Amino acid sequence: MSEKPSFLPFALPDIGDEEIAEMADTMRSGWITTGPKTKRFEDDFAAFLGDPALLCMAVNSATAGLHLALEALGIGPGDEVITTTHTFTASAEVVRYLGADVVLVDVDPVTLCIDVRGIEAAITPRTKAIIPVHYAGLAADMEALLALAQTRGLKVVEDAAHALPTTCGGQLIGTLQSDVTVFSFYANKTMTTGEGGMVVTRDAELAKRIKVMRLHGISRDAFDRFQSTTPAWYYEIVAPGFKYNLTDVAAAMGLHQLAKLPRFLERRQYLAARYREQLSRLPLMLPAEAPAGDVHAWHLYVIRLDASAKVTRDEVIQGLSDRGIGTSVHYVPLHRQPYWRDRYGLEPEMFPHSEAAYQAMLSIPLFTAMSDADQDRVISALRQILM
Ligand SMILES: *Cc1c(COP(=O)(O)O)cnc(C)c1O
């Protein structure tokens, strides 16, 4: 190596002049917190999902959105909520915010999404809800999961942080028959507002509660107060709510990110197809594709080392790092995290598929702003390390 190439991170946001101009416009407008741009962002999001029956509520993170969803569903002490061990802690921590307990379940070894038979086996009389995660952008088996939930009278809150836009049975995630779906606009997700999220439901009562709890338990939000004919100074507190509203500065970014989403998806699909083709002869297990006719959002590109590989996962990560290429591991499963492990007495043997995947996996760079040449660097580095 004569000259060290610049560092290629595993993810980067893709923010253009449109976002910057819209944010500057907001900053000059005199209204920078939740207001007209947030409202437009919610309307545009509903239009993107394409179902007029859906109610969309912007929040300042998906974590906040998941918390609001479970609170509105009445989850509390004594209840159990089932989710996957193979996720980010946010999927589970929100259950503990409400004093309920988390029951972790293993994943399908191919998709790495929650195993529906595992859910069935984990149901107890205390079970109230299921939180599936559409891992890496591939939908969980929602047909079986929703059927199970309906039979057993359980609520479903989809953690769709990776799933914009993902389809399942030809329908966009967000439009299925679950109770609530929550999207994330964190910096490395398929679109971003820096920090942010969107809560989607068809249930008007849930939406009403979520809106109230999103902003201090105020019966009308601050912007409405300045729109309606009742005195602007008057408001009522109906619950000890949270501070989970999205700012107009963030929504301004979101408006243009959302408009670019079809192009972003195309680029991610192109890069994923190229990885599939170029990495196929290496001792790797490549990520599961979506079923025919469905869309994988390709938030992450997760590869797993075959048992036949002559190097370890950690050596691959080091080898890529030595060549200036960033990676990540999604995830250190929750059953290995001290808090979850110790609270529920969890052992790796209880989650053999998640555990095996964790030992073998890494996420390689996949983001819309990376060039074909950037991707070629990753491919040739993997060839050098693995062949
Ligand atoms: C990113 C992420 C979240 C949290 O999203 P925030 O918007 O950062 O709160 C939740 N679940 C999963 C699976 C995620 O990847």
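For clarity, every value in this text was computed on a predicted model and none was experimentally measured. Below, all heavy atoms of this structure are taken into account, side chains as well, without hydrogens, waters or symmetry copies. Residue indices begin at 1 and follow the sequence shown. Note that ligands are numbered from 1 as they come in the structure, with each ligand's atoms numbered from 1 the same way.
The protein non-hydrogen atom at the shortest distance from atom 1 (C) of ligand 1 is Lys189 NZ, 1.5 Å. For atom 7 (O) of ligand 1, the closest non-hydrogen atom on the protein side is Ser184 OG, 2.7 Å. Remark: minimum distance from atom 15 (O) of ligand 1 to any protein heavy atom is reached at His162 NE2, 2.7 Å. Counting only heavy atoms of the protein, atom 8 (O) of ligand 1 lies nearest to Tyr186 CB, 3.7 Å. Protein heavy atom in closest approach to atom 10 (C) of ligand 1: Asp159 OD2, 3.5 Å.
Judged by distance alone, the side chains of His296 and Glu289 never bring a donor and an acceptor atom under 3.5 Å apart.
Arg313 forms a cation-pi arrangement with Tyr358, by the criterion of a distance under 6.0 Å to the ring centre and an angle within 45° of the ring axis.
Under a 4.0 Å criterion applied to the non-hydrogen atoms of Ala161, ligand 1 contributes the atoms 2 (C), 3 (C), 10 (C), 11 (N), 12 (C), 14 (C), 15 (O). Here is the list of ligand 1 atoms found below 4.0 Å of a heavy atom in Gly196: 7 (O). Which parts of ligand 1 touch Tyr331 is read off a 4.0 Å heavy-atom cut-off, strictly below it: atoms 13 (C), 15 (O). Counting atoms of ligand 1 from 1 in the listed order, those under 4.0 Å from a heavy atom of Thr87 are 13 (C).
For Gln359, the CD atom is densely surrounded, since the number of other residues' heavy atoms within 6.0 Å is greater than 12. Heavy atoms of other residues, nucleotides or ligands lying less than 6.0 angstrom from CZ of Phe48 number more than 12.
The two residues Glu195 and Ala250 come nearest to each other via the heavy atoms O-CB, 4.3 Å.
Proximity of Phe183 to ligand 1 is not established, as no heavy-atom distance is less than 4.0 Å. Residue contacts with ligand 1: Ala64 is excluded, as none of its non-hydrogen atoms falls under 4.0 Å. Using 4.0 Å as the threshold, Gly197 has no heavy atom nearer than that to any atom of ligand 1.
When Ile131, Asn60, Thr63, Leu300 are checked for heavy-atom proximity to atom 9 (O) of ligand 1, Thr63 turns out nearest.
Checking only distances, Ala62 does come within under 3.5 Å of ligand 1, N or O to N or O.
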Quiz item: Taking it one step at a time, do Phe367 and Phe10 satisfy ring-ring contact (aromatic ring centres under 6.0 Å, His included)?
Solution: CA-CA 8 Å; Phe367 54 95; Phe10 108 91; 8.4 Å; no

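Legend: residues meeting side-chain hydrogen bond (donor to acceptor under 3.5 Å, both in side chains) with Asp376, ordered by chain and number and at least two apart, are Arg274.
Taking the charged nitrogens against the carboxylate oxygens, Arg341 and Glu347 have no contact shorter than 4.0 Å, which rules out a salt bridge. A salt bridge does not link Asp14 with Arg263: none of the charged nitrogens is closer than 4.0 Å to a carboxylate oxygen.
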